[in-house]
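This chain uses plain numbering: 1 for the first residue, then up along the sequence.
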Amino acid sequence: MEGTRSRAYRKNAWVEQKNGAIVLPLVGYGRFVGAEATAALVRLYDSVRLHVNLFQPSFKLREKTRIGARVIKRYHPPVPPIERVLAHLEVAEIDKERLRAMLATADPIMLFTAIRAAQEDLSRRVDGRGARVTPEEPVVIDLQLESWRGATYA
């Protein structure tokens, strides 16, 4: 079975939006092959999941009003997802206590350090097929040329 980046005949806009907002900036567009790359991705996703859900505020849509062709959206103030879960009335108190304990023990700086370490590990494991073996030398442009001053343009 060959892996692909899309879902056959299905499109999930929310998942694709989160891929563009969270996954691709962290992981990049490279291909990863092997068990070591999979383990590095698991370490990265474990840290990112906690960072995004515990510390990164996000907007939540409050209302959407249509006036003709114009759509007006109003949002709640941005808060981390864990605060929304803790404020929800239907979540059991025992689950809320576990989340509070997780939040109390989580350190955003240590999570950020773990994210950076996993990214460095992944950057060493990118599958290099199709990549140039030696990078091209950059083109140097002399901006001090005087020849353009005397030119006339029609």
Does anything in residues 68-94 form a ring-ring contact (aromatic ring centres under 6.0 Å, His included)? List the pairs, not counting sequence neighbours.
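Found Phe59-Tyr75.
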State which residues pass side chain to side chain contact (heavy atoms under 4.5 Å, CB included) with [X]; sequence neighbours excluded, sorted by chain then number.
| X | value |
| --- | --- |
| Glu36 | Arg125 |
| Glu63 | Thr65, Arg74 |
| Ala87 | none |
| Val27 | Val23, Phe32, Leu41, Leu44, Tyr45 |

In residues 77-86, what donor-acceptor pairs under 3.5 Å come from side-chain atoms, sequence neighbours left out?
| residue | atom | partner | partner atom | Å |
| --- | --- | --- | --- | --- |
| Arg84 | NH1 | Ser58 | OG | 3.4 |
| Arg84 | NH2 | Ser58 | O | 2.6 |

Practice prompt. Could you tell me which residues satisfy salt bridge (charged side-chain N to carboxylate O under 4.0 Å, His left out) with Asp46, sequence neighbours excluded, listed by chain and number?
Written response: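 For Asp46, no residue satisfies salt bridge (charged side-chain N to carboxylate O under 4.0 Å, His left out) once neighbours in sequence are set aside.
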- request: State which residues pass salt bridge (charged side-chain N to carboxylate O under 4.0 Å, His left out) with Arg62; sequence neighbours excluded, sorted by chain then number.
  value: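 Applying salt bridge (charged side-chain N to carboxylate O under 4.0 Å, His left out) to Arg62 gives none.
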Which residues end up grouped with Ile67 if you chain together Ile, Leu, Val, Met, Phe, Trp and Tyr wherever their side-chain heavy atoms are less than 4.5 Å apart?
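Reading the cluster by chain and number, Ile67 sits alongside Ile72.
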*asked:* Which residues end up grouped with Leu89 if you chain together Ile, Leu, Val, Met, Phe, Trp and Tyr wherever their side-chain heavy atoms are less than 4.5 Å apart?
replied: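 Answer for Leu89: none, a lone residue.
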_Would you say Leu99 ends up clustered with Phe55 if hydrophobic residues are merged whenever their side chains have heavy atoms under 4.5 Å apart, either directly or through other cluster members?_
yes
Sequence neighbours excluded, the answer for side chain to side chain donor-acceptor pair (under 3.5 Å) partners of Glu93 is Arg100
Practice problem: Over all heavy atoms of both residues, which pair between Gly34 and Thr38 is shortest? Give the atoms and the distance, please. | Solution: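 Looks like O-OG1, 3.0 Å.
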Residues Met102 and Leu50: closest non-hydrogen pair is SD-CD2, 3.6 Å
I'd like a table of donor-acceptor pairs (distance under 3.5 Å, sequence neighbours excluded) in which one partner is a side-chain atom from residues 106-120, with atom names and distances.
| residue | atom | partner | partner atom | Å |
| --- | --- | --- | --- | --- |
| Asp107 | OD1 | Ile109 | N | 3.3 |
| Thr113 | OG1 | Ile109 | O | 2.9 |
| Arg116 | NH1 | Gln119 | OE1 | 2.5 |
| Gln119 | NE2 | Leu26 | O | 2.9 |

